[in-house]
Number of protein chains: 2
Amino acid sequence: MTIEQQDYRQFAQHVLPHLNQYLDERLDKDIVGPNLRDAMKYSVDAGGKRLRPLLVLATMGTFSDAPLAQGFGAAGAIELVHTYSLIHDDLPAMDNSDLRRGEPTNHKVFGEAHAILAGDGLLTLAFQWLAENTDLTAEQRIQQVGILSRAAGPANMVAGQVEDIEGEQKKLDLDHLTTLHRHKTGAMIEAAVWMGTVMTDLTKAQQDVLKRYASDFGLAFQIQDDLMDVLGTEAETGKPVGNDTEAHKNTFPSLIGIDASIERINQLVADANDALAAVQSLGDVTLLQSFLDYFDTDHLETLKEQRQ
Amino acid sequence: MTIEQQDYRQFAQHVLPHLNQYLDERLDKDIVGPNLRDAMKYSVDAGGKRLRPLLVLATMGTFSDAPLAQGFGAAGAIELVHTYSLIHDDLPAMDNSDLRRGEPTNHKVFGEAHAILAGDGLLTLAFQWLAENTDLTAEQRIQQVGILSRAAGPANMVAGQVEDIEGEQKKLDLDHLTTLHRHKTGAMIEAAVWMGTVMTDLTKAQQDVLKRYASDFGLAFQIQDDLMDVLGTEAETGKPVGNDTEAHKNTFPSLIGIDASIERINQLVADANDALAAVQSLGDVTLLQSFLDYFDTDHLETLKEQRQ
């Protein structure tokens with residue numbers, strides 16, 4: 001299986017059945033105990049968009065002819081880490097969420113102890129999958145371990161979680177909010193693309209260009225998420241809206257307003273496209289470009305007008 | 001720094017100031033945010049025996065002339081994973097412990113949210129440390145990632161935690177209890193020795209002999225721990241005693257009695273010594289032998305007699 005699609009939705013449709021099968025088979029094999037397995041699989045199967053693994057595979061496939069399945073270890077690993085972070089986020093001591101994507105959260109179904117351990121298990125298993133992916137060289141695998149652990153760890157995602165909790169009690173400025181978002185969401189999206197580049201022959205400078213694309217993508221992703229909490233409906237977003245305002249969270253719309261937030265997304269998408277243009281001689285970047293269609297500022301404008 | 005000590009207490013005295021300094025400097029550098037850093041360092045600095053990192057370094061130093069500091073990444077990583085497991089174990093939803101080693105547990109000092117995230121941060125950082133230890137080859141590092149993630153993950157330590165929680169409600173037989181202990185404690189002790197052997201030139205067969213030593217050690221360790229909960233005092237163990245009985249936990253003394261539990265430790269120590277004898281031509285195993293002095297069945301006998 002290699003990339004034949006130029007649109008991220010078609011790509012997802014093509015690749016996700018294979019990736020989901022991989023996830024399912026590996027989770028069956030690598031987990032001891034029926035309740036732990038059920039709890040871990042419940043959240044992995046909970047209908048996420050699989051954005052991060054798709055970015056891993058799209059990046060790899062754009063700049064390499066290797067079979068996409070060689071990237072399933074890395075793609076699966078980042079999805080496990082993302083899933084663990086959602087389970088722990090939802091815990092009573094954290095965001096105390098009863099629902100995610102319209103379904104009961106992990107601890108509501110399996111209890112708090114099992115939810116904590118399911119999260120711990122997913123995080124640890126991610127690194128096992130990276131280590132055991134013998135389709136890659138030891139050097140490629142250890143690079144991926146370094147990238148994923150730094151992105152998910154106490155200098156990025158975990159730090160961002162702490163900043164998010166602590167930030168509820170104070171007003172952040174734009175620099176701090178941008179840093180928080182980079183820690184909390186951006187680093188993992190950057191890691192997805194970066195882990196993909198590790199499985200290609202791109203030079204470090206070329207990898208850095210793609211990391212700029214990913215970094216723009218990650219920030220735009222968070223701003224759009226913030227905006228949908230203000231402008232969207234529960235039916236569209238699959239989660240309760242208005243939560244950020246209620247929790248006094250720092251968000252882009254609360255800090256710079258809705259119009260400036262939409263404009264910021266447009267700027268980031270333009271810069272991400274510029275980055276892709278700089279590496280288009282090395283591969284067909286149409287698919288990676290199409291991921292930027294995820295940002296629909298026209299739709300956001302429409303929602304804003306409906307709201308007025 | 002190489003091994004010059006033949007007794008594990010002297011070895012600890014010699015090596016721990018250096019290892020602790022390494023832990024301290026790396027934690028200062030690798031964590032963003034003062035509260036997250038404080039929470040993570042609080043538990044790493046909480047006065048553990050550092051048994052697992054000492055086993056990593058003693059194994060490496062016994063069969064290699066490389067400077068011990070080359071093993072600090074691996075030694076530190078396993079201590080981070082052990083520390084995270086204690087923080088999450090103590091949470092209200094798990095064992096709900098207020099004290100550990102006579103001091104308030106992490107969540108009692110920093111709150112539940114910070115304790116969960118401190119644990120997540122330590123677990124993730126462990127893999128970063130393994131990945132970044134450029135004194136080792138990529139092959140050695142990725143082997144260590146595989147060993148540690150399998151030992152700590154949902155087929156071993158995390159599975160053991162779940163079995164422990166679920167086992168409180170039913171009586172296990174000896175096979176199940178042995179499996180539970182291997183998952184919960186044994187796998188990580190085996191991982192310590194195994195990660196040490198990765199930094200030597202030992203063959204796979206020779207590594208397997210040392211894993212037998214470690215496996216014996218791990219089970220004896222858990223049986224002695226069970227016994228101290230029945231026979232020991234809070235002053236000696238540094239934690240409240242009688243907890244296992246109160247929580248209806250499955251333990252060796254509750255299942256096979258105190259005398260048979262003490263005898264089992266003696267058998268395991270004898271087998272561990274046999275394993276070491278099989279590799280003594282490859283290095284001076286006196287230090288590894290001395291780790292077995294940790295099991296003091298004479299003392300256990302004395303405590304038992306005092307109790308009668």
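Each chain gets a letter, A, B and so on, in the order the sequences are listed, and its residues count up from 1.
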Problem set entry | Part of Asp30(A) within contact of chain B (heavy atom distance under 4.5 Å) | backbone
Problem set entry | Under 4.5 Å from a heavy atom of chain B, the part of Ile147(A) involved | neither
Seminar exercise, completed: Scanning both residues in full, the closest heavy-atom pair of Gly121(A) with Pro154(B) reads O-CD, 3.6 Å
Seminar exercise, completed: Comparing Thr137(B), Asn35(B), Val32(B), Ile31(B) against chain A, the one with the most heavy-atom pairs below 4.5 Å turns out to be Val32(B)
Seminar exercise, completed: Paired with Thr124(A), the side chain to side chain contact (heavy atoms under 4.5 Å, CB included) test is passed by just one of Leu148(B), Leu123(B), Thr124(B), Val81(B), namely Leu123(B)
Exercise. What is the distance from atom NE2 of His88(A) to atom NE2 of His88(B), rounded to the nearest 0.5 Å?
Worked result: 6.0 Å
Problem set entry | Geometric class of the Phe127(A)/Phe127(B) ring pair [parallel <30°, tilted 30-60°, perpendicular >60°] | parallel
For this session: Output the residues of residues 188-202 of chain A for which the shortest heavy-atom distance to chain B is under 4.5 Å, in residue-number order; output 'none' if no such residue exists.
Result: none
Problem set entry | Glu166(A) portion near chain B, given a 4.5 angstrom heavy-atom threshold | side chain
Exercise. Are Ile142(B) and Val145(A) side-chain neighbours, meaning at least one heavy-atom pair lies under 4.5 Å?
Worked result: yes
For this session: Counting only heavy atoms closer than 4.5 Å, note whether Glu139(A) contacts chain B via side chain, backbone, both or neither.
Result: both
Exercise. When only pairs under 4.5 Å are counted, which of Ala131(B), Ala39(B), Gly119(B) shares the most heavy-atom pairs with chain A?
Worked result: Ala131(B)
Exercise. How far apart are the C-alpha atoms of Asp120(A) and Asp120(B), what are their side-chain angles, what is the distance that settles it, and do they pass the side chain to side chain contact (heavy atoms under 4.5 Å, CB included) test?
Worked result: CA-CA 7 Å; Asp120(A) 293 344; Asp120(B) 293 344; 3.7 Å; yes
Problem set entry | Leu117(A), part contacting chain B, at a heavy-atom distance under 4.5 Å | both
For this session: For each of Val162(A), Asn156(A), Leu130(A), Leu122(A), tally heavy-atom pairs with chain B at distances under 4.5 Å, and name the one with the top tally.
Result: Val162(A)
Seminar exercise, completed: If one checks every heavy atom of His183(A) against chain B at 4.5 Å, the contacting part turns out to be side chain
For this session: Give, as side chain, backbone, both or neither, the part of Met157(A) having an atom under 4.5 angstrom from any heavy atom of chain B.
Result: neither
Exercise. With sequence neighbours left out, what residues match Asp175(A) under salt bridge (Lys or Arg N to Asp or Glu O under 4.0 Å)?
Worked result: none
Problem set entry | Ile116(B) versus chain A, the contacting section by heavy-atom distance below 4.5 Å | side chain
Seminar exercise, completed: When the 4.5 angstrom heavy-atom criterion is applied to Glu163(A) and chain B, the contacting part is side chain
For this session: Tell me, yes or no, whether the heavy-atom count around Lys211(A) atom NZ, taken from other residues, nucleotides or ligands under 6.0 Å, exceeds 12.
Result: yes
Problem set entry | Pairs of heavy atoms under 4.5 Å with chain A: top-ranked of Arg141(B), Arg150(B), Gln143(B) | Arg150(B)
Exercise. Do you know which of Gly160(A), Gly153(A), Ala155(A) has the most heavy-atom pairs under 4.5 Å to chain B?
Worked result: Ala155(A)
